[in-house]
Amino acid sequence: MSEATFWLLMKGTWETIAMTFSSGFFSFFLGLPLGILLFLTRDRQLLANRSVNRTVAFFVNIFRSIPFIILIVWMIPFTRALVGTSIGMNAAIVPLSIGAAPFVARLVENCLLEIPYGIIEAARSMGATTMQIVRKVLIPEALPALINSASLTLITLVGYSAMGGAVGAGGLGHIGYQYGYVGYDAFIMNMVLILLIGLVFGIQFLGDRLSKKVDHRK
Amino acid sequence: MIRLEEINKVFYKKNKEIQALKNVSLKIGKGEIFGIIGYSGSGKSTLVRTINLLERPTSGSIFLSEEEITRYSDKQLIPFRRKIGMIFQHFNLLSSQTVFANIAFPLTLTGMPKAQIAQRVNELLSLIDLSEKSEDYPASLSGGQKQRVAIARALASDPEILLCDEATSALDPQTTRSILSLLKRINRELGITIVLITHQMEVVRAICQRVAVISQGEIIETNETEALFQHAQSPITNELLNPSPFID
């Protein structure tokens with residue numbers, strides 16, 4: 001491997017990691033409150049409200065049904081307004097975050113549904129406010145499941161970011177497409193694959209370890 | 001201490017109306033251990049949840065020390081809820097927190113200073129005789145130990161009333177006895193009024209001074225425990241007293 005190739009792959013790996021983790025962060029920033037809202041407004045929950053629940057669920061479902069590659073293109077005007085460009089890593093983070101946020105919202109809702117209702121009822125009986133229940137009961141009790149959801153989201157984002165590579169997002173996806181598909185360099189293509197696989201395995205491994213560490217249920 | 005007047009509760013399930021409580025009126029005195037007994041589905045769980053308004057009655061009033069709490073919003077209710085501890089059949093401890101943090105939980109809600117919380121929790125840990133389990137997680141405790149932690153948590157904010165929702169139903173007879181004697185001790189030493197709902201006659205007999213029998217959402221009989229055992233008025237009470245385990 002030439003030095004140039006090595007640095008090309010290093011740069012691509014770094015870009016993919018940066019894109020994955022920063023859009024992972026922003027998708028939780030958006031998706032976590034949305035997921036909590038979806039949970040709290042369900043029937044018989046603390047803020048039960050059918051119309052709010054249905055409205056949020058409606059938008060979540062719409063964004064989940066747009067194929068990611070189309071979402072990137074569709075969002076170009078918005079992306080340009082927000083970060084000033086529609087090409088490169090910073091530009092890719094915008095559709096990646098928006099694309100993953102509704103997915104995160106559903107994952108979070110499911111994590112919260114696993115908490116036995118009695119625990120929430122006990123907190124209410126002790127005079128906890130809804131905000132205290134969210135901060136001191138729901139999030140800590142769902143933490144192991146939330147960490148698993150974060151690993152799942154990050155792994156999905158590795159794949160999404162590679163797709164974004166096709167439209168100038170940079171990262172390993174871009175290299176794989178440019179050198180592998182367009183230039184037909186089998187070595188670079190295989191290296192890209194190996195690096196992506198390594199990245200996914202690494203995220204899963206760390207996620208599992210962290211989740212187990214905060215799980216005190218057995 | 002606790003007065004329920006003409007409580008009705010109606011649920012809607014798939015547009016079908018279910019009347020869980022019908023014209024329930026009760027008076028429970030200060031320092032009393034009061035039992036409510038009935039079969040599952042009789043409305044006893046709903047009834048105990050109306051006392052701290054976890055379930056709001058459809059109509060009727062609830063008075064705590066002559067204050068009508070049914071008039072208050074959920075936000076205004078918070079100080080009243082803090083004066084009413086509650087324990088449950090399945091304990092409902094936080095699995096992510098240690099024994100210490102579980103007992104401290106109601107105190108952290110009020111923003112009590114840490115040193116003061118630690119002192120109170122340690123007192124409670126010695127009351128329930130689990131000081132050595134302070135840093136353990138609930139998953140490593142036995143059922144009886146979990147219920148003792150739940151009792152300590154319920155007592156943390158110095159309540160005047162303790163509600164027990166089938167608190168011994170998931171425990172074996174020996175553990176049930178030790179939990180009941182702890183409840184009795186709490187009642188005697190701290191003067192806390194206890195309302196206990198159960199389907200187990202022996203629980204009522206062991207600690208309740210008075211008891212109400214509930215069936216299909218109605219109180220069908222209220223009496224001193226001994227009097228109820230000697231001359232039950234209704235067939236349902238008789239059945240609860242002499243359960244027949246035979247199957248045709």
Side-chain angles (χ1 to χ4, degrees), chain A residues 32 36 39-53 108 110-150 207 209-218, chain B residues 11-14 45 48-49 51-55 74-99 101-111 135-141 149-150 153-157 159 161-163 165-166 170:
Chain A
L32 186 67
I36 292 170
F39 173 77
L40 290 177
T41 55
R42 284 174 79 102
D43 256 6
R44 302 181 60 79
Q45 292 297 346
L46 290 168
L47 303 176
N49 185 324
R50 191 163 289 178
S51 51
V52 171
N53 188 277
V108 168
N110 276 317
C111 294
L112 299 179
L113 281 170
E114 275 171 39
I115 301 172
Y117 184 72
I119 293 184
I120 299 170
E121 195 175 41
R124 282 183 67 207
S125 81
M126 289 181 266
T129 61
T130 303
M131 207 50 206
Q132 285 174 324
I133 290 176
V134 170
R135 279 188 7 245
K136 293 172 180 251
V137 178
L138 297 182
I139 293 179
E141 285 296 299
L143 197 59
L146 286 171
I147 289 171
N148 285 330
S149 300
R209 282 243 325 231
L210 196 58
S211 165
K212 217 174 245 170
K213 208 175 151 189
V214 300
D215 193 351
H216 301 291
R217 285 174 297 186
K218 36 178 169 306
Chain B
F11 284 116
Y12 293 93
K13 225 173 198 171
K14 304 213 159 109
S45 266
V48 78
R49 279 167 175 70
I51 297 176
N52 57 1
L53 294 187
L54 284 178
E55 295 278 7
D74 273 1
K75 212 170 176 181
Q76 292 170 312
L77 271 177
I78 287 172
F80 290 93
R81 290 219 173 110
R82 295 202 170 124
K83 283 197 255 169
I84 310 173
M86 189 167 187
I87 58 173
F88 305 85
Q89 180 175 6
H90 298 296
F91 326 121
N92 295 340
L93 298 174
L94 295 166
S95 67
S96 58
Q97 310 291 325
T98 61
V99 165
N102 264 288
I103 299 173
F105 183 81
L107 303 174
T108 62
L109 297 176
T110 63
E135 291 310 311
D136 290 8
Y137 287 89
S140 68
L141 304 180
V149 173
R153 178 175 73 171
L155 295 178
S157 44
I161 301 166
L162 180 65
L163 306 177
D165 178 17
E166 297 272 8

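In what follows, chains are A, B, ... by sequence order, proteins preceding strands, each numbered from 1.
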Colleague: Determine, step by step, whether B/S95 and A/H216 satisfy the side chain to side chain contact (heavy atoms under 4.5 Å, CB included) criterion, reporting the C-alpha distance in whole Å, the side-chain angles of both residues, the deciding distance to 0.1 Å, and the verdict.
Modeller: CA-CA 6 Å; B/S95 67; A/H216 301 291; 5.9 Å; no

Colleague: Examine whether an atom of A/Q132 lies under 4.5 Å from a heavy atom of chain B, and if so say whether it belongs to the side chain, the backbone or both; otherwise answer neither.
Modeller: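 Contact with chain B is through the side chain of A/Q132 alone.
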
Colleague: Go through B/R153 and A/M126 one step at a time and tell me if the side chain to side chain contact (heavy atoms under 4.5 Å, CB included) criterion holds.
Modeller: CA-CA 9 Å; B/R153 178 175 73 171; A/M126 289 181 266; 3.7 Å; yes

Colleague: Name the member of A/G127, A/A128, A/P144 that forms the most heavy-atom pairs with chain B at distances under 4.5 Å.
Modeller: A/G127

Colleague: Between B/K83, B/K75, B/R82, which residue shows the highest count of heavy-atom pairs closer than 4.5 Å to chain A?
Modeller: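 Answer, by heavy-atom pair count under 4.5 Å with chain A: B/R82.
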
Colleague: When rounded to the nearest 0.5 angstrom, what is the spacing between CD in A/E121 and NE2 in B/H90?
Modeller: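 It is 11.5 Å, given to the nearest 0.5 Å.
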
Colleague: B/I78, B/T110, B/N52: which one forms the most heavy-atom pairs within less than 4.5 Å of chain A?
Modeller: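 The candidate making the most pairs under 4.5 Å is B/I78.
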
Colleague: Could you pull out the closest heavy-atom pair between A/S125 and B/M86, with the gap in Å?
Modeller: OG-CB, 3.9 Å

Colleague: In Å, rounded to the nearest 0.5 Å, how long is the span from CG of B/L94 to NZ of A/K136?
Modeller: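 Here the interatomic distance stands at 10.5 Å.
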
Colleague: Output yes when a side-chain donor or acceptor of B/N92 lies under 3.5 Å from a complementary backbone atom of A/G118, and no otherwise.
Modeller: yes

Colleague: For A/P116, is it the side chain, the backbone, both, or neither that has a heavy atom closer than 4.5 Å to a heavy atom of chain B?
Modeller: neither

Colleague: Considering only heavy atoms, which portion of B/L93 lies under 4.5 Å from any heavy atom of chain A: side chain, backbone, both, or neither?
Modeller: backbone

Colleague: Answer with side chain, backbone, both or neither: which region of B/L109 has an atom nearer than 4.5 Å to a non-hydrogen atom of chain A?
Modeller: both

Colleague: Please classify the contact of B/F80 with chain A as side chain, backbone, both or neither, using a heavy-atom distance under 4.5 Å.
Modeller: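 Looking at B/F80, nothing touches chain A.
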
Colleague: Which region of B/T108, side chain (C-beta onward) or backbone (N, CA, C, O), has a non-hydrogen atom less than 4.5 Å from a non-hydrogen atom of chain A, or is it both or neither?
Modeller: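 Both parts, backbone and side chain.
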
Colleague: Is it the side chain or the backbone of B/L53 that comes within 4.5 Å of chain A heavy atoms, both, or neither?
Modeller: backbone

